[in-house]
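Letters go in sequence order (proteins before strands), and every chain restarts at 1.
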Amino acid sequence: MSNQQIAKLFRNVVAAYSIKDEKKFHFQILAYQTAAETILNTTEEIKDLYKEGKLISLPGIGETIKGRIEELFKKDHVAHFDWVLKGIPKSVFVLIEIPTIGPKKAYKLVKEFSLENPDEVIEKLIFKAKNGEIAKIPSFGEKSEQDILRALLEYKTGKNKTARMVLPYAAEIAERIIAYLKKSSVIAEAVVLGSLRRMMPTVGDIDVAVATNEPEKAIQYFVSYPYKDRIVEKGPRTASILTSGGKQIDLMVQPTEGFGALLQHFTGSKAHNVHLREFALKKGLSLSEKGIKNLKGKGQKLKTYDSEEKFYSALGLSWIPPEIREDTGEIELAEQQNLPQLVELSDIKGDLHLHSDFPIEPSHDLGHNSLNEMAEYAKKLNYEYVGFSEHNPSISKHSKNDIYFLIARRNNLIEQIISSNKGIRILKLLEIDILTDGSLAINNNSLDLLDGAIVSIHSSFNTDKNEMTKRVIEGLSHPKAKILAHPTGRLLNKRPGYNLDFEKLFDFCKKNNKALEINSWPLRLDLPDSLIRQAVKYKIKMVINTDSHSLSEMNLMKYGVAMARRGWAEKCDIINTLPYEKLLDWFKK
DNA sequence: GCCGTTTTCGGCCCGACTGTTTTCAGTCG
């Protein structure tokens with residue numbers, strides 16, 4: 001059972017509790033909601049954590065829910081859930097997947113029309129809506145009937161729209177709306193918040209905040225965005241639109257003097273905000289997007305803050321970088337003024353994973369720009385050095401000798417660039433396949449031509465965990481193999497990645513001075529943040545690379561840095577923050 | 001049902017918008 005399936009089961013339990021008695025089960029509802037979110041946001045598989053006895057380490061999962069999950073894996077169902085879900089038709093759980101339809105509406109509709117069959121409920125409800133039958137039900141009306149019909153039709157035709165956007169794509173959409181908003185004379189400031197500001201690998205909705213002293217005009221301007229499909233909602237303080245591409249943009253406004261509180265509120269995460277507000281309550285303070293109320297004083301006057309720094313400071317906390325606002329210990333450390341100094345883009349001194357167009361005849365893809373073009377571009381990025389890491393020459397089409405001379409020819413070209421171009425240092429690397437038996441795709445003679453090797457898995461992904469771990473460690477065991485590229489092999493929204501025992505891998509890397517790559521490519525962002533966090537705890541070295549196949553991709557470094565920051569990595573954890581000489585020493589160690 | 005530097009008992013974030021009401025329920029972030 002996947003994390004998503006478990007989260008869905010928990011959301012069904014929440015819905016069932018809400019339908020049966022929302023007040024009586026209020027705190028169970030909260031608990032299962034939190035647990036569902038935790039499970040959905042965990043990059044580790046719940047099944048693995050269950051096997052390893054680590055379920056209790058997840059926030060919001062206590063003894064009871066841990067027991068439920070254990071029962072689920074042992075017996076394939078949970079007796080308590082069977083009881084909770086009893087009497088609620090399965091079609092209800094289909095309807096609650098649709099935005100604007102919650103448990104109460106879903107249950108009323110299913111009961112009213114006896115729509116017990118989950119496979120037919122959408123079609124039949126569309127029919128009822130078109131027939132004007134929903135409007136006749138008490139507490140429903142013509143407007144809500146039309147809203148439900150539209151929601152049903154959108155759900156039916158556009159299921160794929162619900163896939164979350166990869167980060168850079170969301171950033172592009174956000175840039176366009178921000179540029180539009182900034183053209184308005186009534187808007188003092190417009191910034192992107194939410195999961196995009198926290199640099200989550202994928203983004204659902206785009207959240208935007210605006211500072212204005214004329215909220216009505218600002219909101220009217222926002223909903224007049226020319227690339228919108230329709231207005232989802234519009235009030236005096238917030239509004240939402242759907243772009244013509246089907247992406248939702250949420251807007252919140254505050255006057256300039258209260259903008260700091262809004263920045264804090266709308267950045268999230270939800271778990272961070274809930275914890276922060278509970279933390280504040282204990283000090284007698286109540287937080288909202290408007291500011292801070294002192295509950296102790298008589299007047300209970302609202303204090304406003306024009307910056308986030310001042311807002312956090314008023315709570316006795318140092319400012320917390322958005323990337324780590326996930327309620328995983330950051331509030332406690334901010335209270336002790338002891339947050340980590342997260343690595344920054346400006347700390348990066350070079351990119352060690354670049355694919356040029358040098359005809360090295362690899363079995364995987366070649367880059368689109370020359371060695372020289374990429375070296376020149378690296379200078380524009382203020383790098384001190386680059387590493388060229390084309391794929392190894394294909395082993396099926398070349399003899400060992402051919403391979404040796406292909407690499408030697410590339411090295412000659414690199415030497416020419418080094419001697420003619422004093423502005424940049426260059427490392428001679430390669431990205432080398434780890435074959436299924438754990439050996440590297442090229443032999444020692446060829447490896448001797450290199451400053452070091454990046455090794456990676458590009459075949460037989462479906463190997464079992466133990467064998468894959470053995471294979472990777474074997475590949476990394478060669479003295480020249482110093483970096484494991486894109487260690488999980490995941491592709492966001494496409495494939496989950498192969499099975500690896502990361503504890504064993506961390507242990508090996510620690511003892512043998514190997515580094516794990518944080519790959520900045522938008523569909524990879526691999527290592528994932530949770531594994532980076534573990535690697536930091538293990539004191540494993542990492543390297544942030546772009547895996548660029550063209551000049552423009554070399555700009556993606558910021559996304560790798562963002563993942564490193566989400567994983568609490570500091571400058572000292574990342575080897576390509578080292579100056580050239582020290583980096584070379586590290587490769588030789 | 002979770003959680004702990006006020007607490008192993010007794011708390012549990014805060015506010016927005018819509019539609020159907022005539023003061024609120026439902027949904028969302």
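Using atom C1' as the reference point in both B:dG15 and B:dG10, the two lie 25 Å apart (nearest Å). Here, B:dT6 and B:dC2 have their P atoms 23 Å apart, quoted to the whole Å. As rounded to the nearest Å, B:dT5 and B:dG1 have C1' atoms that lie 24 Å from one another. Rounded to whole Å, the C1' atom of B:dT20 lies 9 Å from the corresponding atom of B:dC24. One P atom belongs to B:dG11, the other to B:dT7, and the distance between them is 14 Å to the nearest Å. As rounded to the nearest Å, B:dC13 and B:dT8 have C1' atoms that lie 24 Å from one another. Nucleotides B:dT21 and B:dG26 place their C1' atoms 13 Å apart, quoted to the nearest Å.
Each of A:R277, A:R325, A:R198 was compared with A:H272 under the side chain to side chain contact (heavy atoms under 4.5 Å, CB included) criterion, and only A:R325 meets it. For the side chain to side chain contact (heavy atoms under 4.5 Å, CB included) with A:F222, the lone residue among A:I177, A:T238, A:V210 that qualifies is A:I177. Checking A:L523, A:N519, A:L525 one by one against A:R490, the side chain to side chain contact (heavy atoms under 4.5 Å, CB included) holds for a single residue, A:L525.
Of the two residues contacting DNA chain B, namely A:H80 and A:E233, the nearest-nucleotide position lying further toward the 5' end is that of A:H80. Each of A:K283 and A:Q28 was matched to the nucleotide of DNA chain B holding its nearest heavy atom; the match closer to the 5' end belongs to A:Q28.
B:dC12 has its base stacked against the ring of A:F27, the centroids being under 5.5 angstrom apart at an interplanar angle below 30°.
Between the P atom of B:dC14 and the CD atom of A:Q254 lies a distance of 16 Å, rounded to the nearest Å. The interatomic distance linking A:M252 (CE) with B:dG15 (P) rounds to 11 Å, in whole Å. Rounded to whole Å, atom P of B:dC2 lies 15 Å from atom CD of A:E278. With rounding to whole Å, A:I331 atom CD1 is found 13 Å from B:dT5 atom P. For A:H26 and B:dG11, the NE2 to P distance is 15 Å, given to the nearest whole Å. Rounding to whole angstrom units, CG of residue A:L262 and P of B:dC13 are separated by 21 Å. The distance from atom NZ of A:K282 to atom P of B:dG4 is 8 Å, rounded to the nearest whole Å. Between A:L251 atom CG and B:dG15 atom P the separation is 19 Å, expressed in whole Å.
Under 4.0 angstrom from either OP1 or OP2 of B:dG15 there lies no side-chain N or O belonging to A:T238.
Closest non-hydrogen pair, A:S18 versus A:V14, comes out as OG-O, 2.7 Å. Here the closest heavy-atom approach between residue A:A79 and residue A:E71 is recorded as N-OE2, 2.9 Å.
Between A:F81 and A:F10, the ring-plane angle classifies as perpendicular under the 30° and 60° cut-offs.
When heavy atoms are screened at a 4.0 angstrom cut-off, A:S240 is found touching no nucleic acid atom at all. Counting any heavy atom pair closer than 4.0 Å across all strands shown, A:L30 reaches no nucleic acid atom. Across all strands shown, A:L276 has no heavy atoms under 4.0 Å from either base or sugar-phosphate atoms. Using a 4.0 Å heavy-atom cutoff across all strands shown, A:Y32 reaches sugar-phosphate atoms only and no base atom.
Of the candidate nucleotides B:dC14, B:dT18, B:dG1, B:dC14 has the atom nearest to the side chain of A:L281.
Under 3.5 Å, the side chains of A:E332 and A:N338 contain no donor-acceptor pair of N or O atoms. A:Y155 and A:E97 form no side-chain donor-acceptor contact under 3.5 Å, judged by distance and modelled atom types alone.
Across all strands shown, B:dC24 forms a Watson-Crick or G-U wobble pair, both distances under 3.5 Å, with B:dG19.
Using modelled atom types, one side-chain atom of A:N3 and one backbone atom of A:E44 make a donor-acceptor pair closer than 3.5 Å.
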task = Quick one, give me the B/S/- string for nucleotides 19-29 of chain B, reading 5' to 3', where B means a protein heavy atom under 4.0 Å from the base and S means that only happens at the primed atoms, P, OP1 or OP2.
result = SSS----SSSB
